[in-house]
There are 2 protein chains.
Amino acid sequence: MTTPRERYRAQVRAEIKEKAWEQIAASGAPGLSLNAIAKQLGMTGPALYRYFASRDELITELIREAYGSLETAVDAAGETGPAGLAGALRTWALADRQRYFLMYGTPVPGYHAPEDTRETARRIMARLVAACAQAGPGAEARALRFWTRLHGVLSLELAGHFAGMDLDPAELYAAEVRSLEQPELP
Amino acid sequence: MTTPRERYRAQVRAEIKEKAWEQIAASGAPGLSLNAIAKQLGMTGPALYRYFASRDELITELIREAYGSLETAVDAAGETGPAGLAGALRTWALADRQRYFLMYGTPVPGYHAPEDTRETARRIMARLVAACAQAGPGAEARALRFWTRLHGVLSLELAGHFAGMDLDPAELYAAEVRSLEQPELP
DNA sequence: AGCTTCAGTGATAGGGTCTAACGCATGACG
DNA sequence: CGTCATGCGTTAGACCCTATCACTGAAGCT
C-alpha cells in the first residue's frame, strides 16, 4: 500500500528523470543541469535535492534506467536468434543515441557503476550467450564477438564517424551480423 | 624568423595544452578547468583567454593533437601490414585512454569537428586501406571491418567493460586481428 | 484539533566560463 | 638610446552551475 506522499514523490521523481532525459538527448550528459530541470518543473534548484542526493546520483539513476530498458528490449527480441537480437539492439540504440553512450560511451575516471547495473549487464550478456548457443558451438566466445563487433559498428555510426563516407551503416551492420553467423576459424 | 614574443606565446600555449592533457587524463574532458590550469601555471584564469578563445577551442586543439598523434603512430607502424598496424593502434590507445575517447568517445550534440581533423581521419583511413591492400582484394571493405572490429574491442576494453569477466582483452584483440586476415564470405 | 513530517523557498558558499577595463613590462623603431 | 605601441596578466564583475542550511507553510496522520 502506498501513501499519497509516496505516490507524489514517485511522480515528481519520474518527471525529473523525464526532463533529464530530454536534456541529455539535447546536449549530452555533461550538459545536464539540475537548475534547468527545476525551472522546467516550476520549482527552484535546491528542491531537487529532496529527490536526488546529487547530480551524480540522478545520472546514475538514468544509467540504471538505460540498462533496464536495454534489458527489456533484448528480452522482447525473445527467441528470434542472433540476427533478431542484433536488430533489436540497433533500433534500441538509434532511438536515443545519448542513452547508448551513457552506457557505452566515454567513461569518467573514478566513476564506478553501481553493482546492480553490472548485474543487469551480466543478464543481458547471458541472453546473448543463449541466443548464440542455438547458432553453433562456442556460445560464449561467439557472444563476445557478437557484442564487440556490433558495438564497433554501432558506436561509430552513432558518433557520426561514418558521415560523408558514402557508406550505409545499416548494410555494414548487417554484414557484421552475417559474419557472426558463420563459424570462426581458430 | 620568429620573434621573441611569438616564441614565448608558443611556449605558454604548449604548457597550457600539457596541463590540459594531464587534467583530461585525470578526470576526463568534462572535468577540464581553465581556472585550474591557470593556477598550475601561476596565473589567473582570464589570462588563458590570450591563448585560447574559449574552453571549447582549447579542447578542439587537443582533439586536433590527438588526431595528429594517431596519424604519426600509424605512420610509424609503416609497412608492417594490418597486424603491425593493429598493434600500433592498441599501444597508442592504451597509452592514454582519454585521448582515444576524445576522438572516438561520446559525441557532444551540436559539436562538429573542424575540417582539418576530418582530413587527418581520411589520411589515417587511407593508410589503413593501403595496409589492407597487401592482404588480399577488397581493401576498402577490409579496412572498414578492420576499423570497426578493432574499435569494438578496444573501446570496450578502455571503458572497462571487460572488468571482472575473466577474459584477456589482448587475446580478444588478437583474435579479431586474425579474423581480419582471412577472407570474408559474402 | 493538534502535531509531525516534509516539500519547497531564499540565502549563501564556492566553483566554473567569459568579458571588460586597467597597469605595466617588453620588444620595436626612429 | 629614448619613445611608443603592443600585448600579457591583473582585478572586478556578470552569469552560469552544484550543494548546504535554516525556515515556512501545507499536507497527512493520530
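The chains referred to below are lettered A, B, ... by the order of the sequence lines, with proteins before strands, and numbering in each begins at 1.
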Does the pair [X]/[Y] count as a salt bridge with the N-to-O cut at 4.0 Å?
| X | Y | answer |
| --- | --- | --- |
| R149(B) | E176(A) | yes |
| R64(A) | E57(A) | no |
| R178(A) | E181(A) | no |
| R13(B) | E6(B) | no |

If you find the nucleotide of DNA chain D closest to G42(B) and the one closest to R5(A), which residue's nucleotide is nearer the 5' end?
->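 Checking each residue's closest nucleotide, the 5'-ward one belongs to G42(B).
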
Assign each of R50(A) and A36(A) to its nearest nucleotide of DNA chain D by heavy atoms, then name whichever residue's nucleotide is nearer the 5' end.
->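 The answer here is A36(A).
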
Under a 4.5 Å cut-off applied to non-hydrogen side-chain atoms, are T117(A) and P114(A) in contact?
->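 Contact flag for T117(A)/P114(A) side chains = yes.
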
Side chains of Y111(B) and T60(B): does their closest heavy-atom pair fall under 4.5 Å?
->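 Touching, per the 4.5 Å side-chain cut-off.
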
Measure the distance from [atom1] on [X] to [atom2] on [N] and round it to the nearest whole Å.
| X | N | atom1 | atom2 | answer |
| --- | --- | --- | --- | --- |
| L48(B) | dG16(C) | CG | P | 12 Å |
| M43(B) | dT17(C) | CE | P | 14 Å |
| L34(B) | dT17(C) | CG | P | 4 Å |
| K39(A) | dT9(C) | NZ | C1' | 15 Å |
| R7(B) | dG27(C) | CZ | C1' | 11 Å |
| D56(A) | dG15(C) | CG | P | 18 Å |
| N35(B) | dT19(C) | CG | P | 14 Å |
| E15(A) | dA7(C) | CD | C1' | 14 Å |

Scan L32(A) against the nucleic acid and name what it touches under 4.0 Å (heavy atoms): base, sugar-phosphate only, or nothing.
->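 Sugar-phosphate only.
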
Taking the nucleotide of DNA chain C with the closest heavy atom to each, which residue, P4(B) or R55(B), is nearer the 5' end?
->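 In this pair, the answer is R55(B).
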
Start and end of the DNA chain D segment that chain B contacts, any atom under 4.0 Å from a heavy atom |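 Nucleotide range with atoms under 4.0 Å of chain B: dT6(D) to dA12(D).
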
Tell me, which pairs form a ring pair (Phe, Tyr, Trp, His ring centres under 6.0 Å) where one or both residues lie in residues 152-180 of chain B, sequence neighbours left out?
->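 Counting only pairs at least two positions apart or across chains, the ring pair (Phe, Tyr, Trp, His ring centres under 6.0 Å) contacts touching residues 152-180 of chain B are Y104(A)-H161(B), W147(A)-F162(B).
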
Under 4.0 Å between a side-chain N/O of T44(A) and OP1 or OP2 of dT9(C), yes or no?
->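 T44(A) to dT9(C) OP1/OP2: side-chain N or O found under 4.0 Å.
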
Any side-chain N or O of Y8(A) under 4.0 Å from OP1/OP2 of dG8(C)?
->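 It does, given that an N or O in the side chain of Y8(A) lies less than 4.0 Å from OP1 or OP2 of dG8(C).
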
To the side chain of Y51(A), which of dT19(C), dG27(C), dA7(C) is closest?
->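 Of dT19(C), dG27(C), dA7(C), dA7(C) is nearest to the side chain of Y51(A).
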
